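These notes concern the structure reproduced below.
Fair warning: this is a prediction, and the values are worked out from it, not measured in the lab. Naming: A, B, ... by sequence-line order, numbering from 1 per chain.
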Protein chains: 2
Amino acid sequence: MRNVTIKEVAQAASVSTATISRVLNKSGYVSEDVRQRVLETVRQLNYRPNAVARNLKRDRTHCVGLILPDMRNPYFMRLAREIQALLSVRNYHILYTDSGADASRERIAINFMLENRIEALVIAGVGENADKLREVQERGIPLILIDRRVEDVHTDIIIDDNKGAAERAVKLLIDKGHRKIGILCGPEGISTADERREGVLNALVRAGLNYADMFWYSGDFSRSSGREAARQMTRLLEPPTAVFSTNNEMTFGLYLGLKELGQPLDFWEVASYGELEFAPLFANRLAYVKQNPEAIGRTAAELVLERIGGSDREEQCSEQIMLTPDIVCM
Amino acid sequence: MRNVTIKEVAQAASVSTATISRVLNKSGYVSEDVRQRVLETVRQLNYRPNAVARNLKRDRTHCVGLILPDMRNPYFMRLAREIQALLSVRNYHILYTDSGADASRERIAINFMLENRIEALVIAGVGENADKLREVQERGIPLILIDRRVEDVHTDIIIDDNKGAAERAVKLLIDKGHRKIGILCGPEGISTADERREGVLNALVRAGLNYADMFWYSGDFSRSSGREAARQMTRLLEPPTAVFSTNNEMTFGLYLGLKELGQPLDFWEVASYGELEFAPLFANRLAYVKQNPEAIGRTAAELVLERIGGSDREEQCSEQIMLTPDIVCM
DNA sequence: TTGTAAGCGTTATCAT
DNA sequence: ATGATAACGCTTACAA
């Protein structure tokens, strides 16, 4: 069954396409009986307007792009869900891509979205596509960074106080008396990783501890790198007595690693940046930085609507919205 | 910076729009020097073709719709990620909606997708929109059901052998000697819930056990209903000695409930339909039906491509692909 | 090898 | 209150 066009509806209802359009968009005047007749014909022919044509004509798509590094991470999905929920109320829809934390896939996704004339882009970027992101801006598309900064891109951003929170988390370990701490870092270049590392350093310095006394593990925010860290740290002659993991997936991996190694899960005092959903089930000796992905999502959605629908003053100031997460001890 | 149109590029390169189009699409003949000149101009003007216009003209959007009931459930997200990965290789993109297991939101999403002329729809439906789904089919859009059936909709479907797997899981509990089992059911009307319930009944009948001797809890596949089940079951004068939970979220909730009630996590022998990512960390007395969302995603993606690109024989047979999950004991 | 122009399905302006 | 009709930005016969 081919799709019916507005022209065919017009013919069937013996009115002009303009009238059909007016009825369907509730724009302009149309007499009640004609309106009824049109509506009836629309129903009979099961007419469904072609949004592609409408988008071309109106030069708006009601689509917002969303690019995230991993849709299996509940943190990002809670965030995504919140955005979607809020935008859908205003009849905006999401073109969603999982970049897999891969710069080239991210580029492809941005290009696709550009060609499809998304009206705004929300992205937790891998950090290497500053040029593309600037292009987005130059084309007048509101760009909203979430979770991570991108060097040389200046725009709205919604982000944790990564440094501060990491510092507090590590301080907590130090206050409990730990002097040798395993630090599981994320990939350099990702702003969250860098800032959290800075926070760690701050905490050490303030406590008069030595950088070199810690065990530094450089991971990639993945589960498997957390696992690997566990393996390495248990093998040390003098293993750390506590661990600070800079993201939730690595923390998860750390526990998986301990389990595989036959060690008890409370082998270390652990502090984690980011929550583990299942932590309440078993954890003791665990503290975590409680992020609020829903808040980020909500703020992002509001900002999108503001920027899209907003006034036409060309230069709006870009906002940096910083969230201060709590630290939760189990 | 307004978007440049093909016309402007043509002017700047002093050729016709047709030539630009030919260069960019590598279609038809164009001399090498003109080609170079065009490419250069395209670069200089930073021209980016308008996919909306192209889609209208070509009558294809390269978009596939995906509707899932909950993007926070890792099961669905693993599935979604796999679909996306495979489709993106063939330059297809995903229009993704979280229906929140809500029929009316699902309707809205389907309508939106219909208007936006998606080329195929993959959906784990709530079950109440058979009419809409049939409309999708009638419009010639390949429809692929995953995970759940929808009554009166006949099309490709990729699905677990829910009944068989549930039966085996319950048999396992019975074989271990359990005679009073708590059964955590999902919402009636959702095919997975219904089929798993059937599987349970089969297992009971085959073992000569009495329906009425079990504790039946009717939940909604959510974490909180699992929690509530734990509360009710521990309050019984004669609590069950084992539990079969018909989905992963309820199993999670069950454990959360136990924890809140101050009970040990191995209070019950548990069998769960669907995996808990963190189960390896603590679980004993847990068996689970190991689903394979990646396989479902992969199969769905392949089917989409086959249906879209496939030959034009109008009537292709619809396939029912049934996966047989293993049961894993921890 | 290149250009002209019709048309994709809408919306919106201008007549009437 | 309604109808013609010119766009929107592209692709693709068809001409040249």
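- The closest side-chain donor-acceptor pair between Y75(A) and D147(A) falls under 3.5 angstrom.
- D70(A) and R81(B) are joined by a salt bridge, as a carboxylate oxygen and a charged side-chain nitrogen come within less than 4.0 angstrom of each other.
- The nearest whole Å value for the distance from the CZ atom in R2(A) to the C1' atom in dG9(C) is 11 Å.
- Among the protein residues, V52(A) comes within range of no part of the nucleic acid, since none of its heavy atoms lies under 4.0 Å from any strand.
- For S31(B), a side-chain nitrogen or oxygen approaches OP1 or OP2 of dT2(C) to under 4.0 Å.
- Side chain of E119(B) to main chain of T61(B): a donor-acceptor pair is present (N/O by atom type, distance under 3.5 Å, no hydrogens or angles).
- Legend: ring-ring contact (aromatic ring centres under 6.0 Å, His included) pairs involving residues 49-69 of chain A, not counting sequence neighbours, sorted by first then second residue: H62(A)-Y92(A).
- Taking CE of M71(B) as the reference point, atom CG of D98(B) lies at 4.5 Å (rounded to 0.5 Å).
- Residue whose closest nucleotide on DNA chain C sits further toward the 5' end, between G28(B) and V4(A): G28(B).
- Side-chain contact check for R139(A) and N3(B): at least one donor-acceptor pair (N or O, by modelled atom type) lies under 3.5 Å.
- The distance from atom CG of L79(A) to atom CG of N292(A), rounded to the nearest 0.5 Å, is 9.5 Å.
- Taking CD1 of I144(A) as the reference point, atom OG1 of T299(A) lies at 10.0 Å (rounded to 0.5 Å).
- In this structure, N55(B) places its CG atom 15 Å from P of dT10(C), rounding to the nearest Å.
- Direction of the helix axis in the helix from dT1(C)-dA16(D) to dT16(C)-dA1(D) shifts by 40° between the two five-pair termini, rounded to 10°.
- A side-chain donor from one of N129(A) and E106(A) sits under 3.5 Å from a side-chain acceptor of the other.
- Residue S16(B) places at least one side-chain N or O closer than 4.0 Å to OP1 or OP2 of dG3(C).
- Taking the salt bridge (charged side-chain N to carboxylate O under 4.0 Å, His left out) definition, one finds that E40(B) meets it with R43(B), sequence neighbours left out.
- The residue N50(A) sits close only to the backbone: its heavy atoms come under 4.0 Å of sugar-phosphate atoms, none of a base.
- Protein chain B touches strand DNA chain D; the 5'-most and 3'-most nucleotides with an atom under 4.0 angstrom of its non-hydrogen atoms are dG9(D) to dT12(D).
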Might you list the N or O atoms of the protein lying below 3.5 Å from N or O atoms in nucleotides 11-14 of chain C, with each pair's distance?
unit_1  : atom_1 : unit_2 : atom_2 : d
dT11(C) : OP1    : N25(A) : ND2    : 3.2
dT11(C) : OP1    : R54(A) : NE     : 3.4
dT11(C) : OP2    : S21(A) : OG     : 2.8
dT11(C) : O2     : K57(A) : NZ     : 3.3

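- Not a single side chain to side chain donor-acceptor pair (under 3.5 Å) links E82(A) to another residue, sequence neighbours left out.
- Separating the CG atom of N116(B) from the P atom of dT10(C) is a distance of 12 Å, rounded to the nearest angstrom.
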